[in-house]
Amino acid sequence: MQRFGIVLHYLGTGMIVAGVPWLGLSLAKPGWNALSQTLPEEFANLPLALALTICGMMLATLGKMIERRAVAPSPPIDPLDFRHPEVRRRWHEAGERLLTAEKEALGDHFGRSQERVALRPCWPQRETDSWVGGLPLLPENMDWPVLEGQSASFLAQISLSGMPDGLWQGAGPRKGWLVFFAHPETCVLVAVRHVYGNVAERPQPADVVHNWHWIMEPEGLKAALGKAGQVPPRWYLERAPSGSLGAVEDMVDCDPAHWDDEAGNYVWEPTWTSERSDVMNEAILHEDIAYGVDWDSLTARLAIWWNRVGDRADELSRQLKNRKQRLGDLRARYRAELAALSENPQTERATYAEFRTRYTAAKKKFDQETVLLQGEAAQIERALQGAEAVAAEAKAQAAKFPFSPERGRALKTALDELYDKAALFEREDFKLFMENYARHLYCRNSATIPDLLLNLYGPLWETQCRETVIFIGLNAEGTDGLQGSARLIDIPSHPLAGLAFGDESRFYVDLKLEDLVQAKWQNSVSLDTHGGV
C-alpha cells in the first residue's frame, strides 16, 4: 500500500510539472505571439492543460495520503472485541489450529462418546478389586509419593479391568489400577499413579498425617489398634447403577434428584451428621458399650481419659501462671483509683469506705478462684499418678480374664473417683472412637466385630454405603460445568473411610484427554466443590 501511494504521488507530481507550463503556453499573452506562431496550433489547448494540472494535483495529494496512512501505525485492536472482523478472523484461525492439534493428539479417540462409571462401597463388605481408604498395592520399585515435602495420604485404588470402552472416549489404559494420593492436610495437590503387574500392599510412611483425622479420635485408635489405628479403614467398592446422586455437576445445579428443598440440604447430609450423631449418642448411653466392648476398647478409653485430663492439667498450669499478672493488674487499678480519690478534697469518708469494700471483695474472689484452680491442679496431679495404677490393673486383668462390661465399668469408675470432672472432657471423644473402632473391626474382619456393635452401627453403614457414590469419567454431556476433559475420579467426603474434603465437599481429579492418551499422569489436577484447587 505504501508503494502504491508513492507511485500515485510521483505520477501526480509529473502531471503537474507537465500541466503548468502547458497551461501557461495555452494562455494568449502580449509578447508571446512569436512563440505562439512557432508551436502547432493544436498545442494551445487550454482546457486540456487545465484538466491535466488539476488531475495531477489530485493524484499527488491522494498518493501522499495513502503513503502517510501506510506508514502510520494502526491503532491497537482489542482481542476481545468480537465485532471487529480482524478479531473474529484471528480467533477462528486459533480455534482451527487448536482443533487440528487436538485431533492429532487424540487420534481415534477424538469425538468419541462419553461414558461414566458409578461405584459405591459394598454392603455387606466383600473383597473387590477397587477400594477407598486402607493401604495401596504398589510395585516394589515405586516410591511413595511426596507432595510439598510431605508423604502424601492414600485415597483410593480403582481397578481399570473391565472398564467400558466409552470411558474417557476410549482413551487411557484398561489394565492395572489408578492409585490416588493427596496432600496429607489440604488436598491442594494430588498424585496419580498407574500400576500393574506384580504389586504388593505398601505400609504408609510414619510421617503421613491424614487430612481426615479431624473426624476420628486418633489417640484412642492408636491405643486400641497400634499402627493399624493410624490407617483409615478400607472399604471395597462395587459397580452401582449409573446415576447422578452426588455428581459434581449435579451439586452445582442443585439437581432435585438429590437435593431436599424442605431441609435446604443434600439428601445424604442427615446420614453424615444427625443420624450418625444419634447412633453415637445411643452407643455411649448403652450400658454394655459405654465402658468398652473388649480390652482394646477399654485401653482406648483409658488413653482418651489420660490425654484429656492431661490437656486440662496443662490449661490449669497456664491459668495459674497468668494469675500473678492478673493480681498485679488488680492492684494497679486499686492504686490508680486511690490516687484519683486523694486528689479530690471533696471526697467523703464514705467514698473511701465503699472503694475499700469493693477492692476487698474483688481480691477475695480472686483468691478464692486461685485456690480452686490450685486445688483442681493438685487433684489432677494425684489423679494422673493414680491412673497409672488403674492402667496397670487393666493390663493385669486383660492377661487373666475375659473382658466384661462389669470389669470395664469398675475400672472406669476408679478413674472417675480420682477426678470427678473427667467425663466433661473425654465423653465426646469416646463417642467418636467407638464408631471408628467398630468400622475398623468390621473392615479388618467382619466376623470379629461383636454383634452388639454390628446391630447398632450396621444400619447406619448400610445407608451410608447406598448414598456414597464415586464416579469415574464424565456424564453424557461430556464437559459441561466444572468437568474437565477426562475425570479420573469424583469422590465425596463420607465417614465410612473417614474421608473429609474441605467442608464436607466432593473431591475430584481431572486430566486433559491428550495427557491421558500420552499417560502424563503428573499433569493431573484436583479441585473440590468449594473451589479449593
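Note: hydrogens, waters and symmetry copies are ignored here, and every other heavy atom, side chains too, is used. Predicted model only: the values in this text are computed from it and were never measured.
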Given side chains that start at C-beta, do those of Phe403 and Asp296 come closer than 4.5 Å, heavy atoms only? no

For the backbone of Leu441 and the side chain of Asn445, can you confirm whether one donor and one acceptor N or O come within less than 3.5 Å of each other? no

Quick one: does any side-chain atom of Trp521 pair with a main-chain N or O of Arg193 as donor and acceptor, under 3.5 Å? no

Ile491 and side chain to side chain contact (heavy atoms under 4.5 Å, CB included): which partner among Val132, Ile158, Val469, Val509? Val132

Asp429 CG to Arg301 CZ distance, which is reported to the nearest 0.5 Å: 10.0 Å

Partner of Tyr442 by ring-ring contact (aromatic ring centres under 6.0 Å, His included), out of Trp123, Tyr437, Tyr457: Trp123

Do side-chain atoms of Ser151 reach the backbone of Pro205 as a donor and acceptor pair under 3.5 angstrom? no

Locate the shortest heavy-atom distance separating His440 from Val231; write the atom from each residue and the value. CE1-O, 2.9 Å

How would you list, by chain and number, every residue that makes a side chain to side chain donor-acceptor pair (under 3.5 Å) with Gln325, sequence neighbours excluded? Asp329

Contacts of type salt bridge (Lys or Arg N to Asp or Glu O under 4.0 Å), residue Arg126, not counting sequence neighbours: Glu238

Leu488 side, atom CG; His194 side, atom NE2 - distance, nearest 0.5 Å: 11.5 Å

Heavy-atom distance under 4.5 Å between the side chains of Leu155 and Phe507, does that happen here? yes

Kindly indicate, with the supporting measurements, whether the criterion side-chain contact (heavy atoms from CB on, under 4.5 Å) is fulfilled by Val279 and Leu456. CA-CA 7 Å; Val279 173; Leu456 178 67; 4.0 Å; yes

Indicate whether any N or O donor in one side chain lies under 3.5 Å from an N or O acceptor in the other, for Arg120 and Thr468. no

Using modelled atom types and a 3.5 Å cut-off, is there a donor and acceptor pairing between side-chain atoms of Gln204 and backbone atoms of Ser153? no

How long is the straight-line distance from CD of Gln157 back to CD of Glu201, given to the nearest 0.5 Å? 9.5 Å

Which atom of Ala519 lies closest to which atom of Gln522, heavy atoms considered: O-OE1, 4.4 Å

Quick check: do Leu411 and Glu393 have side-chain heavy atoms less than 4.5 Å from each other? yes

Name all residues meeting the side chain to side chain donor-acceptor pair (under 3.5 Å) criterion together with Asp420; count only those two or more places apart in sequence or in a different chain, and write none if there are none. none

Tell me whether Trp168 contacts the main-chain N or O of Arg116 through its side chain, where contact means a donor paired with an acceptor under 3.5 Å. no

Report the C-alpha separation of Trp235 and Gln125 in whole Å, then their side-chain angles, then the decisive distance to 0.1 Å, and conclude whether the side-chain contact (heavy atoms from CB on, under 4.5 Å) test is met. CA-CA 7 Å; Trp235 282 86; Gln125 180 82 288; 3.8 Å; yes

Counting only N and O atoms by type, is there a donor-acceptor contact under 3.5 Å from the side chain of Thr448 to the main-chain atoms of Arg444? no

Heavy-atom side-chain proximity of Lys175 to Ser161 below 4.5 angstrom: no

When every non-hydrogen atom of Pro145 is compared with those of Ala191, the smallest separation belongs to CB-CB, 3.8 Å

Verify, without hydrogens or angle tests, whether Ser524 (side chain) and Val192 (backbone) share a donor-acceptor contact under 3.5 angstrom. no

Would you please test Ile489 and Tyr508 for side-chain contact (heavy atoms from CB on, under 4.5 Å) and show each step? CA-CA 5 Å; Ile489 195 168; Tyr508 47 100; 5.7 Å; no

In plain terms, say whether Lys412 and Glu417 are close enough for a salt bridge, that is, a side-chain N and a carboxylate O under 4.0 Å apart. no

Dump the intermediate steps for side-chain hydrogen bond (donor to acceptor under 3.5 Å, both in side chains) on Asp294 and Ser297, then the final yes or no. CA-CA 5 Å; Asp294 52 24; Ser297 58; 2.8 Å; yes

Checking side chain to side chain contact (heavy atoms under 4.5 Å, CB included) between Val309 and each of Leu384, Ile304, Leu418, Leu415, which is the one that passes? Leu384

Phe401 ring centre to Arg407 NZ or CZ under 6.0 Å, with the angle to the axis within 45°? yes

Taking the side chain as C-beta and beyond, is there a heavy-atom pair between Phe180 and Phe154 under 4.5 Å? no

Leu511 backbone acceptor or donor facing Asp515 side chain under 3.5 Å: no

Close side-chain approach of Glu426 to Trp306, heavy-atom, < 4.5 Å: no

With distance as the sole test, does Arg466 use its side chain to make a donor-acceptor pair with the main-chain N or O of Trp461 at under 3.5 Å? no

CG on Asn281 to CD on Glu428, rounded to 0.5 Å: 7.0 Å

Go through it in stages, so that I can follow the logic: the residues are Trp144 and Phe181, the test is ring pair (Phe, Tyr, Trp, His ring centres under 6.0 Å), and I'd like the CA-CA distance, side-chain angles, deciding distance and then a yes or no. CA-CA 9 Å; Trp144 189 283; Phe181 299 85; 5.2 Å; yes

My understanding is that only residues two or more places apart in sequence, or in another chain, count here; which of them pass side chain to side chain donor-acceptor pair (under 3.5 Å) with Tyr236? Arg234

Out of curiosity, Gln464 CD to Leu496 CG, how far, rounded to the nearest 0.5 Å? 4.5 Å

Heavy atoms of Ala394 and Leu302 approach each other most closely as CB-CD1, 3.9 Å

Below 3.5 Å, can you tabulate the donor-acceptor pairs from side chains in residues 310-317 to any protein atom, sequence neighbours excluded?
unit_1, atom_1, unit_2, atom_2, d
Asp311, OD2, Arg308, NH1, 3.3
Arg312, NE, Glu376, OE2, 2.9
Arg312, NH1, Glu315, OE1, 3.4
Arg312, NH1, Glu315, OE2, 3.3
Arg312, NH2, Glu376, OE1, 3.1
Arg312, NH2, Glu376, OE2, 3.3
Glu315, OE2, Gln319, NE2, 3.2

Mind checking whether Leu119 and Ile472 have side chains closer than 4.5 Å, heavy atoms only? yes

Criterion side-chain contact (heavy atoms from CB on, under 4.5 Å) on Leu452 and Asp288, from CA distance to verdict: CA-CA 8 Å; Leu452 181 64; Asp288 291 337; 3.7 Å; yes

Test of understanding: with side chain to side chain donor-acceptor pair (under 3.5 Å), list the residues that count as partners of Glu381, not counting sequence neighbours. none

More than 12 non-hydrogen atoms from neighbouring residues, nucleotides or ligands closer than 6.0 Å to CG on Asn198, yes or no? no

What pair of heavy atoms forms the shortest contact from Ile284 to Ala290, and how long is it? O-CB, 3.2 Å

I'd like to know whether OH of Tyr196 has more than 12 heavy-atom contacts from other residues, nucleotides or ligands below 6.0 angstrom. no

Short N-O contact, Arg439 and Glu435, less than 4.0 angstrom: yes

Glu140 atom CD, over 12 foreign heavy atoms within 6.0 Å: no

Hey, does Pro121 have a side-chain heavy atom less than 4.5 Å from the side chain of Leu237? yes

If you take all heavy atoms of Ala152 and Val208, which pair is closest and at what distance? O-CG2, 3.6 Å

